[in-house]
Number of protein chains: 2
Amino acid sequence: MSAPDGAAGSVAVDDQRKDRPDGLVHFGPLSEALGFLLRLAQLKSFAGFFRSFEAEDIRPGELTVLMVLHENPGIRQGMLAKSLSIKRAHMTKMVRQMEDEGLILRRVPEDDKRAMELWLTEAGEARVAVLAPILAEHETGAAAGLSLTETAELKRLLRKMLNIRNGAGG
Amino acid sequence: MSAPDGAAGSVAVDDQRKDRPDGLVHFGPLSEALGFLLRLAQLKSFAGFFRSFEAEDIRPGELTVLMVLHENPGIRQGMLAKSLSIKRAHMTKMVRQMEDEGLILRRVPEDDKRAMELWLTEAGEARVAVLAPILAEHETGAAAGLSLTETAELKRLLRKMLNIRNGAGG
DNA sequence: AAAAAATTGTCTACTGGGAAACAATAATGA
DNA sequence: TCATTATTGTTTCCCAGTAGACAATTTTTT
């Protein structure tokens, strides 16, 4: 457990390099680190996302905003940001661009002139109508490397961890 | 299941706003979307990371590089990048900065003059010796909202999904 | 041997996203 | 009422991370 000196280190190293013939990397304690695993899993999952939505030119963030607005019309911009863990500064950019694209409508509520209520336009709803089935199809399958049961369990644990109810009607 | 028209939508909307008294947002189908759940979980997990490592001024990416170099001395820069799903261009910046900080050593191997082998310096090993116990301590607990058993199961599923062996020696 | 193709790290742009300061408004307290 | 404090969205500036082109090498093919 002492800090290795150069000589002893290099010996062990050579042995280990022989054990690493091709692409095999030892993660050590990282393989127990939840954040590390979540980050890699997210990247892998996003790769699958882009595969499924290849034809639609959409990003994960935009899809989530569209879906949440569909489910919560008139939601305040700040609450939308908070619920998606997107910073308000960034949310401003996103929703403004989507407003320019004609997907959402922003309105200052009368009871609070600081705030901004968000609504889907008809074009936005139409976009959701196109995207939602693709998402549903994308999510029916199992995650790569897992069985369907395991995938469901994984999602359940993540929801519990995030305190999210399963609102996907059967 | 048909696309909602404007009028019917706005009625439902008003009802729904009453049902959303404070901070409660309906995620709908998103609550079944693995990528969405993974992203939120990762953000939550990283928040915990920064809490645990508050005193150490380190980022998740730097920690992973240090740990992987500790476990795989002499690994090629490109393989390190690939194993961590970090793009080579970005990995160049990271390792160069860490080289400047005296944490790692980069060397062109004789059998391939394009490549770059990475090693921890003694300072780098010392840094690992400080960080590893903090990481271990950080990972002993359960994820917020989950039991210890559930946390273990979550990690197991993520590792399986990522095809990673558990290399954390008990 | 020579040529073509693939790999490796690096560079230069560019984008997504965050921190911090700000103005406008609302809520709170004296 | 008036002053103070908190909230909401926005702006500006910055940094992590990516895409794509590139030079240097290695590997493969002819």
Side-chain angles (χ1 to χ4, degrees), chain A residues 20-23 25 35-36 39-40 42-44 46-47 49-50 54 57-65 69 74-101 104-119, chain B residues 22-23 25 35-36 39-40 42-44 46-47 49-50 54 57-65 69 74-101 104-119:
Chain A
R20 204 195 315 126
D22 183 51
V25 176
F36 174 71
R39 176 179 160 275
L40 289 186
Q42 196 215 338
L43 290 176
K44 182 166 188 171
F46 273 35
F49 173 93
F50 285 113
E54 198 174 19
D57 183 38
I58 190 153
R59 303 163 179 293
E62 294 171 12
L63 178 62
T64 56
V65 166
L69 286 190
I75 191 177
R76 295 249 179 114
Q77 195 170 305
M79 186 181 294
L80 175 64
K82 185 178 178 185
S83 72
L84 297 177
S85 290
I86 293 174
K87 292 294 171 288
R88 281 172 309 165
H90 182 43
M91 182 58 78
T92 296
K93 300 177 193 173
M94 281 189 68
V95 294
R96 279 194 166 172
Q97 177 177 344
M98 294 174 77
E99 185 183 33
D100 290 345
E101 293 167 356
I104 76 182
L105 187 140
R106 309 193 321 135
R107 196 185 64 179
V108 175
E110 298 190 353
D111 59 321
D112 189 343
K113 294 179 181 172
R114 299 168 301 177
M116 204 57 107
E117 282 179 355
L118 305 182
W119 313 73
Chain B
D22 183 51
V25 176
F36 174 70
R39 175 179 162 276
L40 288 187
Q42 196 215 337
L43 290 176
K44 181 165 188 171
F46 273 35
F49 173 94
F50 285 112
E54 199 175 17
D57 184 37
I58 190 154
R59 303 161 178 293
E62 294 171 14
L63 177 63
T64 57
V65 166
L69 287 188
I75 191 176
R76 295 249 179 114
Q77 194 169 304
M79 185 179 296
L80 174 64
K82 185 178 177 184
S83 72
L84 296 178
S85 290
I86 294 174
K87 294 290 173 290
R88 282 172 308 166
H90 182 44
M91 183 56 78
T92 296
K93 298 179 192 176
M94 280 189 68
V95 294
R96 278 192 165 173
Q97 177 177 343
M98 295 174 77
E99 185 184 31
D100 289 346
E101 293 168 355
I104 76 181
L105 188 141
R106 310 194 318 136
R107 196 184 66 179
V108 174
E110 298 190 353
D111 60 319
D112 190 343
K113 294 178 181 174
R114 299 167 303 179
M116 205 56 106
E117 281 179 355
L118 304 183
W119 313 74

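From a predicted model like this one, the values you see are computed outputs, not experimental measurements.
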- Message: Distance check, rounded to the nearest 0.5 Å: A:Glu62 atom CD versus A:Ile104 atom CD1?
- Response: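 Rounded to the nearest 0.5 Å, the CD-CD1 separation comes to 10.5 Å.
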
- Item | Atom pair NZ (A:Lys82) and CD1 (A:Ile75), whose distance is rounded to the nearest 0.5 Å |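 One gets 11.0 Å once the value is rounded to the nearest 0.5 Å.
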
- Are any of the side-chain heavy atoms of A:Pro109 and A:Arg76 separated by less than 4.5 Å?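 Result yes, sub-4.5 Å side-chain heavy-atom pair found.
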
- Query: Mind checking whether B:Met116 and B:Val108 have side chains closer than 4.5 Å, heavy atoms only?
  - Reply: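 Yes, their side chains come closer than 4.5 Å.
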
- Item | Nearest non-hydrogen partners of B:Phe36 and A:Thr64, listed with the distance |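 Result for this residue pair: CD1-CG2, 3.6 Å.
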
- Task: Measure the acute angle between the ring planes of B:Phe46 and B:Phe49, then classify it against the limits of 30° and 60° as parallel, tilted or perpendicular.
- Result: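 The arrangement is tilted - the two ring planes meet at 30° to 60°.
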
- Query: Does A:Arg114 or A:Val95 map to a spot on DNA chain D nearer the 5' end, using the closest nucleotide for each?
  - Reply: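 With A:Arg114 and A:Val95 compared, the 5'-side residue is A:Arg114.
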
Whole-Å distance separating the [atom1] atom of [X] from the [atom2] atom of [N]:
{"X": "B:Lys113", "N": "C:dT7", "atom1": "NZ", "atom2": "C1'", "value": "16 Å"}
{"X": "B:Asp112", "N": "C:dT10", "atom1": "CG", "atom2": "C1'", "value": "15 Å"}
{"X": "B:Glu99", "N": "C:dT10", "atom1": "CD", "atom2": "C1'", "value": "13 Å"}
{"X": "B:Ile75", "N": "C:dT8", "atom1": "CD1", "atom2": "P", "value": "12 Å"}
{"X": "B:Met116", "N": "C:dT7", "atom1": "CE", "atom2": "C1'", "value": "15 Å"}
{"X": "B:Glu117", "N": "C:dT8", "atom1": "CD", "atom2": "P", "value": "13 Å"}

- Item | Nucleotide-resolved protein contact map, nucleotides 12-21 of chain C, B/S/- at heavy-atom distance under 4.0 Å | -B--SBBBB-

- Item | B:Arg39 side chain to A:Leu84 backbone, donor-acceptor under 3.5 Å |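 Yes: the side chain of B:Arg39 pairs with the backbone of A:Leu84.
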
- Within a reach of under 6.0 Å around CG of A:Asp100, are more than 12 heavy atoms found that belong to other residues, nucleotides or ligands?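 Enclosed: over 12 neighbouring heavy atoms sit under 6.0 Å from CG of A:Asp100.
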
- Side-chain N or O of B:Arg96 closer than 4.0 Å to phosphate OP1/OP2 of C:dT10: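 For B:Arg96, the contact criterion (side-chain N or O under 4.0 Å from OP1 or OP2 of C:dT10) is met.
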
- Item | Nucleotide range of DNA chain D lying under 4.0 Å from chain B heavy atoms |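 Footprint of chain B along DNA chain D, 5' to 3': D:dA16 to D:dT26.
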
N/O donor to acceptor pairs below 3.5 angstrom from side-chain atoms of residues 88-99 of chain B, sequence neighbours left out:
from    : atom 1 : to       : atom 2 : distance (Å)
B:Thr92 : OG1    : B:Gln77  : NE2    : 3.3
B:Thr92 : OG1    : B:Arg88  : O      : 3.1
B:Gln97 : NE2    : B:Glu101 : OE2    : 3.2
B:Glu99 : OE1    : B:Arg106 : NE     : 3.2

